[in-house]
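On a predicted model such as this, the values are computed, not experimentally measured, just so you know.
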Protein chains: 2
Amino acid sequence: MTDERPAPAAAPGLRERKKRRTRDALLRAALLHFIAQGYEHTTVDEITDAVDVSQRTFFRYFANKEEVAFAVQDLVESHYVAALRARPPAEGPFEALRGAVLGAWDTLDEALSDVVPVDLYMRTYQLIESTPALLAVHLRRSTELEERIARLIAEREGLDVDADPRPRVAVAAFSGVMRVTGRLWAQDEDASVASIRRMTEACLDQIGPALAADWR
Amino acid sequence: MTDERPAPAAAPGLRERKKRRTRDALLRAALLHFIAQGYEHTTVDEITDAVDVSQRTFFRYFANKEEVAFAVQDLVESHYVAALRARPPAEGPFEALRGAVLGAWDTLDEALSDVVPVDLYMRTYQLIESTPALLAVHLRRSTELEERIARLIAEREGLDVDADPRPRVAVAAFSGVMRVTGRLWAQDEDASVASIRRMTEACLDQIGPALAADWR
DNA sequence: TGTGAAGTGTCAGTCGCTGTCACTAGCCTG
DNA sequence: CAGGCTAGTGACAGCGACTGACACTTCACA
């Protein structure tokens, strides 16, 4: 219990390095297979054969087949939350949310490149959007992220999330629009970060007009 | 090919009646088992044993185990869409969406009672909200419903959904708030229709204030 | 250097789900 | 109303995701 971490990120030891290598290999092999032949048409055995480990080992690293598809998404989400945390406290909620999303797209490359090339992530994201089983999980995960963000926003504004519904409602409305963005982007041919950044901006600009009582 | 329907909803024949009875029995048995012992802890074999049919038969009526949990939800969604269709064209988009949701809760009883008691549906809804696997599917289904509704709203306003993003954005924001409502309701002890109606109204009333640039 | 534990492979088994095939029972026509 | 047609079903075999148990290897640390 005492002396938890002698050297925070120093030499992790052979065991740790080996583990990390196995996990990375499984992750990469899985994503490549998913993208090449589809999520449903990839068996766990195919992935483990490519890495030459047993199926059992796969399930020791990932709770289930879906989880491996979201491993990178996890990083992207943390990156976004960090960006939101870094927004100046003076900004209003929507201003902060918007700034964080756009800023996160701009800096995604640096945040990701040492794990997986950004391009691979973008194709994984498209895969998620276009695979029903993955999309379902993605949406559920998104609601969990929304809750985290709602708490963050509440904190920024000095409010109690459970007493005041505005943080959750605002984040829900904002995230709903973000989902539409993701969907439209996935349908588009242009799978670049620049493209999704552009669409994010366009959709967010519509939120004001869309909420007007009368559109005519 | 000619003479499609002699009597629109008259005597459906023994075969049809038998089919319907089997389906209903499977549905009811499944929901009761799910509620009593949880979705994951109910095997398909348990359901089919209770109805005394083979497992194969279950999968002829329902594409998968999840689908049976959403059979009633299907009815509720149609009911909601119908309510939206019935709103006077003069109403603005948000007015119509809001009126349809609240109206649908008020008339849910009549729309459902001849298939399943409303109470059973409410408990099923709670089950969905509290079972990760079901919640994921529910959210994906919700996006499909959102698309239908966005098209409906666009039609009402005489717009092209693919040219003007406002319908999708408005529906996304609205639905995001509805999801928060559902989640809060599921956490509450009071599982009544009255309760969810009340929370719906409360959350929707917050959408205006929540979207203000500054909350202080 | 030896001992404990972490990481892995193997194997057997459960559960969701599918294809196939034979059989039975409603239906429809002559 | 007999006889064929076909929709609905059961039985069975098989695949793929996932889990528990146990034995074996290999690193870590005293």
### Task
Answer whether the closest heavy-atom distance between the side chains of A/L184 and A/D188 falls below 4.5 Å.
no
### Query
How long is the line joining NZ of A/K65 and P of C/dG16, in whole Å?
17 Å
#### Entry: Partner set under salt bridge (Lys or Arg N to Asp or Glu O under 4.0 Å) for B/R166, not counting sequence neighbours
B/D164
### Query
Taking NZ, NE, NH1 and NH2 as the nitrogens, is one of them in A/E147 or A/R151 under 4.0 Å from a carboxylate oxygen of the other?
yes
### Query
In whole angstrom, what separates A/F59's CZ from C/dT14's C1'?
14 Å
#### Entry: Partners passing salt bridge (Lys or Arg N to Asp or Glu O under 4.0 Å) against B/R87 (at least two apart in sequence or in another chain)
B/E91
### Message
Walk me through whether A/I196 and A/M122 qualify under side chain to side chain contact (heavy atoms under 4.5 Å, CB included).
### Response
CA-CA 10 Å; A/I196 198 170; A/M122 296 318 271; 4.0 Å; yes
### Query
What integer distance in Å separates B/K18:NZ from C/dT24:P?
14 Å
### Message
Treating A/S175 as the side-chain partner and A/M178 as the backbone partner, does any N or O pair qualify as donor plus acceptor under 3.5 Å?
### Response
no
### Task
May I ask you to say what B/F62 touches in the nucleic acid, namely base, sugar-phosphate or nothing, with a heavy-atom cut-off under 4.0 Å?
nothing
### Message
I'd like to know if A/E201 pairs up with A/R197 as an ion pair, taking the criterion as any Lys NZ or Arg NE/NH1/NH2 lying under 4.0 Å from an Asp or Glu carboxylate oxygen.
### Response
yes
### Summary
Taken in chain and number order and not counting sequence neighbours, the residues that satisfy salt bridge (Lys or Arg N to Asp or Glu O under 4.0 Å) with A/E66 are none
Any protein N or O atoms within reach of nucleotides 4-6 of chain C? Criterion: under 3.5 Å, listing atom names and distances.
| residue | atom | partner | partner atom | Å |
| --- | --- | --- | --- | --- |
| C/dA6 | N3 | A/R15 | NH2 | 3.0 |

### Summary
Heavy-atom nearest pair, A/A210 first then B/V169, reads CB-CG1, 3.8 Å
#### Entry: Whether A/S113 side chain and A/D109 backbone form a donor-acceptor pair below 3.5 Å
yes
### Task
Send over the distance from B/R21 CZ to C/dG26 P, rounded to a whole Å.
10 Å
### Task
Answer yes or no: is there a donor N or O on one side and an acceptor on the other, between the side chain of A/T22 and the main chain of A/K18, under 3.5 Å?
yes
### Query
Residues in side-chain contact (heavy atoms from CB on, under 4.5 Å) with B/Y80, at least two apart?
B/L97, B/A100, B/V101, B/A104, B/I149, B/F174
### Query
Which pairs pass salt bridge (charged side-chain N to carboxylate O under 4.0 Å, His left out) with one or both residues in residues 172-181 of chain B, sequence neighbours excluded?
A/E146-B/R179
### Query
Which pairs with one or both residues in residues 96-120 of chain B pass ring-ring contact (aromatic ring centres under 6.0 Å, His included), sequence neighbours excluded?
none
Using atom names, set out every protein N or O paired with an N or O of nucleotides 10-13 of chain C below 3.5 Å, distance rounded to 0.1 Å.
none

### Query
Looking at DNA chain D, which of residues 125-143 of chain B put a heavy atom within less than 4.0 Å of it?
none
### Task
Walking along DNA chain D from 5' to 3', note the first and the last nucleotide with an atom under 4.0 Å from a heavy atom of chain B, and give both.
D/dT6 to D/dA11
### Query
Listed in order of residue number, which residues of residues 27-45 of chain A have a non-hydrogen atom at under 4.0 Å from DNA chain C?
none
#### Entry: Exceeds 12 heavy-atom contacts within 6.0 angstrom, atom CG of A/D190
yes
### Sugar-phosphate only, base, or nothing, as touched by A/Y61 at under 4.0 Å among non-hydrogen atoms
sugar-phosphate
#### Entry: Spacing between B/N64 atom CG and C/dC15 atom P, to the nearest angstrom
18 Å
### Summary
The complete set of ring-ring contact (aromatic ring centres under 6.0 Å, His included) pairs with one or both residues in residues 18-62 of chain B, sequence neighbours excluded, reads B/F34-B/Y39, B/F58-B/F62
